[in-house]
Asks: 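The following block contains the structure, expressed as structure tokens.
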Amino acid sequence: MSRKYPISKIRNIGIMAHIDAGKTTVSERILFYSGKSHKLGEVHDGAAVMDWMEQERERGITITSAATSTEWRGHSISLIDTPGHVDFTVEVERSLRVLDGAIALFCAVAGVQPQSEKVWLQSERYNVPKIAFVNKMDRVGADFFSVVEEIQEEFQANAVPVTVPIGQGEAFAGIIDLVHMRAVYYDENSMGMYFHEEDIPPEKMEKANKWRANLVEKCAEQDDALLEKFLEEGDLTTEEIWDILRRATIARRVVPVYCGSAFKNKGIQRLLDGVTHLLPSPEDVPPVVNVAEKEKIDLRHPSDEEPLAALAFKITADKHMGKLIYVRIYSGILKAGSAVYNSNCDKTQRVGRILRMHANRQEALDSAHAGDIVAVVGLGDTRTGDTICSEDDPIHLEAIEFPSPVISISISPNARTDSEKLGEALQRLAEEDPTFIVAYDQETSETIISGMGELHLEIIVDRIRREFNVQAQVGRPEVAYRETGTGTVQGSYKHVKQTGGRGQYGHVELILEPMNPGEGFEFVNKIVGGRIPGEYIPAVEKGIVQAMGSGPYAGYPVVDMRVTLVDGSYHEVDSSDFAFQEAARVAFKQMFLKTGPELLEPVMSVEVATPEDYMGPVTSTICQRRGRIESMDTFKGNKLITGMVPLAEMFGYSNTLRTLTQGRASFSMHFERYEAVPYALAEEIVKKRKDENKVK
């Protein structure tokens, strides 16, 4: 079962950038020039191969990371085109987790943009070597050297141009290859498929010599022997440049920078050369570690001879194939029809089919080898982040960490008959996307879906309608308010009913008093002298708990109250559990309204990380939302603002924050405690709640 390519000739790469930097257009050119596709697909025409979802083609954006593979100069390249929109950051996160290298794309006009910063930091977290490509050199206002400076300043990266442009904007004619010192021009009649090299024009020679010297110097700095040669001779050979540039790129000491215009079909072939020359193969990256083994170091090297170790990093639902599990194989061989072990759920599963993906098209394989990225059918119990391995040599690979959802809406089917279909749709979509969470709120009787932003949830709802044929309506979820009392009250209630036969009799006297926030509910029995028989005491407590489930003030649960049973009476014939339960329930409801009830709301601890330039507007938005600023700190160049904000005021905050800070700020929040709602606002909420109950 020999492999087609030696592992040293495999490249697993991704393209990452801010939205609209041209990732999908670059991907389409890579596929076209490498012979994988025979016509150019354009994003603006809705014909891009890598943007295959209807929602992607309609909006002209990438939503899901699409995987494909191609060949270039004797190398096999697995390519993942990742989304640029922050709502789909999960796709970038899980792709970078399994890739060996990446192309960081920048717009020649806009330069380093907010989402460029986020994906760069994500790649740094996974120690992914990168080459940069400055795209859109044909646009008015393009400035290659300014973007190189931005990369150096913003990321503290050693950005080294390997190609430089011949002209910029409308005058962009081609590129100068600094390694070979040749001018490269592209044939527009062949859509850039063909190009020719010439001597560098005399008027460009000074610039070419300057940047060639920069390239050679940066390379020489990486190796003492080469530095000595450079100081003696003033230059290095082509082979020496490629060798040291590759080693420095893999070690993340250098970021080689290419330039071009994907839309105008210029510069992509040299970028592909950079991928094969400079980015690592699977054997150039460290072996994976068994995180479950604490006593000794257990490594798996990228070899077919080692036991199987693979990571499931993505799950999709295919109309024809069912559940597709995308896996990166780190060691060993995965065979169709073989049994494999999922070390996360401790289950043995059988591999049905192995597929090499080309966006949403597939090619069946008999086996997949170390270094491959493939899709597998048949692993029904596997989830994102699970380890697939050999049962004889189990391993547990480091899982993928995903950010928590930041926005929620309620969803319900238009027709009751679609309830089951909606549940199935939500379950399948939640399997695909770890940042999409589905929950049922018992208090509001709503299904709540949570995601990374409003666009994220908008796409989810659109997919439910189109792919699962379920018409659903969405709305803002209700906040889970609580009620509590503020004063101590003593009172009694006698439940007496006579209906001709055996009657009902239960009499209780209670004391209601508030407790400290967060202490919950306490029932105290102070009956003495058998005023109420012991067998009826549990029924009294049950009646109180039942009454507290839907408080008399606004219908929300009652919390932080102590109820003491101090007296009562019973009837030898007519008393029963039900009678005492009912007496306690009514007594509590009547007495609670005399305790000075108040409404409580969930208050969230909110932490916002923002560049200092936006600190004033960010603190203002927190205060405008009835928030209190608790602290301000500095962390890695950003300002960290911590505050307490009512949950009711946090809906839509992610969009507000992005708009306010050009997408450069981020926030997280978690539940802290319940606090009293201001009186005027509480009256509005209570009135609205009572009006809704009347309608029901």
Side-chain angles (χ1 to χ4, degrees), residues 7 10 12-14 65 67 78 80 82 89-102 119 121-130 250-252 280-315 325-334 338-349 351 368-376 379-404 430-435 437 668:
I7 199 163
I10 290 176
N12 293 315
I13 66 166
S65 53
S78 291
I80 296 182
T82 64
T89 186
V90 60
E91 297 291 340
V92 182
E93 193 78 26
R94 57 182 167 194
S95 298
L96 289 172
R97 170 67 175 80
V98 298
L99 294 173
D100 301 323
V119 295
L121 290 173
Q122 284 175 302
S123 71
E124 286 293 291
R125 188 161 64 247
Y126 291 115
N127 300 319
V128 177
K130 294 169 283 294
I250 292 172
R252 294 168 44 245
S281 73
E283 63 184 8
D284 293 317
V285 297
V288 291
V289 180
N290 185 359
V291 296
E293 185 60 70
K294 305 295 183 186
E295 301 298 322
K296 60 178 181 177
I297 298 176
D298 182 13
L299 304 176
R300 295 290 165 87
H301 296 85
S303 166
D304 291 352
E305 309 305 318
E306 296 234 347
L308 176 67
L311 184 74
F313 68 95
K314 180 178 169 72
I315 296 173
I325 313 293
Y326 285 75
V327 299
R328 160 70 193 265
I329 303 172
Y330 288 98
S331 65
I333 300 175
L334 184 68
S338 65
V340 294
Y341 179 64
N342 184 322
S343 60
N344 291 78
C345 63
D346 192 24
K347 285 188 178 180
T348 300
Q349 300 170 287
V351 176
H369 301 253
D372 287 346
I373 292 177
V374 293
V376 180
L379 308 181
D381 294 320
T382 299
R383 297 163 300 177
T384 301
D386 284 2
T387 300
I388 304 300
C389 56
S390 162
E391 192 166 9
D392 295 333
D393 294 280
I395 188 172
H396 201 98
L397 301 179
E398 185 179 356
I400 310 171
E401 287 188 15
F402 298 109
S404 301
E431 279 184 351
E432 287 186 23
D433 185 349
T435 59
I437 306 295
S668 62

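In what follows, every heavy atom counts, from backbone to side chain, and hydrogens, waters and symmetry copies are set aside.
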Asks: Which pair of heavy atoms, one from I80 and one from S95, lies closest together, and at what distance?
Replies: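 Nearest heavy atoms, I80 then S95: CG2-OG, 3.5 Å.
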Asks: Do L308 and V340 pass the side chain to side chain contact (heavy atoms under 4.5 Å, CB included) test, and can you show the C-alpha distance, the side-chain angles, and the key distance before you say yes or no?
Replies: CA-CA 9 Å; L308 176 67; V340 294; 3.7 Å; yes
Asks: Compute both the distance and the angle, then confirm whether R328 meets the cation-pi test with Y330: under 6.0 Å from the six-membered ring centre, within 45 degrees of the axis.
Replies: yes
Asks: Rounded at 0.5 Å granularity, tell me how far NZ in K347 sits from OG1 in T382.
Replies: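 Reported to 0.5 Å precision, the distance equals 9.5 Å.
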Asks: Check whether any side-chain heavy atom of S303 lies under 4.5 Å from a side-chain heavy atom of S331, and answer yes or no.
Replies: no
Asks: Does any non-hydrogen side-chain atom of I373 lie less than 4.5 Å from one of F313?
Replies: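 Yes, at least one pair of side-chain atoms sits under 4.5 Å.
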Asks: To the nearest 0.5 Å, what is the distance between OG on S78 and CD1 on I10?
Replies: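 One gets 7.5 Å once the value is rounded to the nearest 0.5 Å.
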Asks: For the residue pair L334 and V351, establish whether any side-chain heavy-atom pair is separated by less than 4.5 Å.
Replies: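 Yes, close enough: below the 4.5 Å cut-off.
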Asks: Just wondering, do E398 and V289 contact through their side chains at under 4.5 Å, heavy atoms?
Replies: no
Asks: When you check the side-chain N and O atoms of K314 and T384, is any donor under 3.5 Å from an acceptor?
Replies: no
Asks: So which heavy atom on N12 is nearest to which on P282, and how close?
Replies: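 Here N12 and P282 meet closest at ND2-CG, 4.0 Å.
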Asks: Pick one: which of D386, D381, T348, T387 meets side-chain hydrogen bond (donor to acceptor under 3.5 Å, both in side chains) with N342?
Replies: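 Of the listed residues D386, D381, T348, T387, the side-chain hydrogen bond (donor to acceptor under 3.5 Å, both in side chains) partner of N342 is D386.
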Asks: Within the supplied structure, the quantity of interest is the number of heavy atoms (other residues, nucleotides, ligands) at a distance under 6.0 Å from R383 CZ; does it exceed 12?
Replies: no
Asks: Are the side chain of E306 and the backbone of H301 linked by a donor-acceptor contact shorter than 3.5 Å?
Replies: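 Yes.
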Asks: Does E124 come within less than 4.0 Å of K130, counting only side-chain N to carboxylate O?
Replies: yes
Asks: Of the non-hydrogen atoms in I250 and P129, which two are nearest, and what is the gap between them?
Replies: O-CG, 3.6 Å
Asks: Hey, are D392 and Y341 close enough side-chain-wise for a donor-acceptor pair under 3.5 Å?
Replies: no
Asks: Quick one, D100 and S281 - any side-chain contact, counting heavy atoms below 4.5 Å?
Replies: no
Asks: Checking S343 side chain against I395 main chain: does a donor-acceptor pair fall under 3.5 Å?
Replies: yes
Asks: Just how far is it from atom CD1 of I325 to atom CG of L379, taken to the nearest 0.5 Å?
Replies: 6.0 Å
Asks: Compare every heavy atom of D393 with every heavy atom of R300, then report the nearest pair and how far apart it is.
Replies: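 So the two residues come closest at NH2-O, 3.0 Å.
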Asks: Mind checking the CG-CD spacing from L96 to Q122? Nearest 0.5 Å is all I need.
Replies: 6.0 Å
Asks: If you define the side chain from C-beta out and look only at heavy atoms, does anything of I388 sit under 4.5 Å from L311?
Replies: no
Asks: Does L299 form a side chain to side chain contact (heavy atoms under 4.5 Å, CB included) with I297? I'd like the steps, not just the answer.
Replies: CA-CA 6 Å; L299 304 176; I297 298 176; 3.6 Å; yes
Asks: For the residue pair D304 and H369, confirm or rule out a side-chain donor-acceptor distance under 3.5 Å.
Replies: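 A donor-acceptor contact under 3.5 Å links the two side chains.
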Asks: Please tell me if the side chains of L397 and N290 come closer than 4.5 Å, counting only heavy atoms from C-beta onward.
Replies: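 Heavy-atom side-chain distance check fails, nothing below 4.5 Å.
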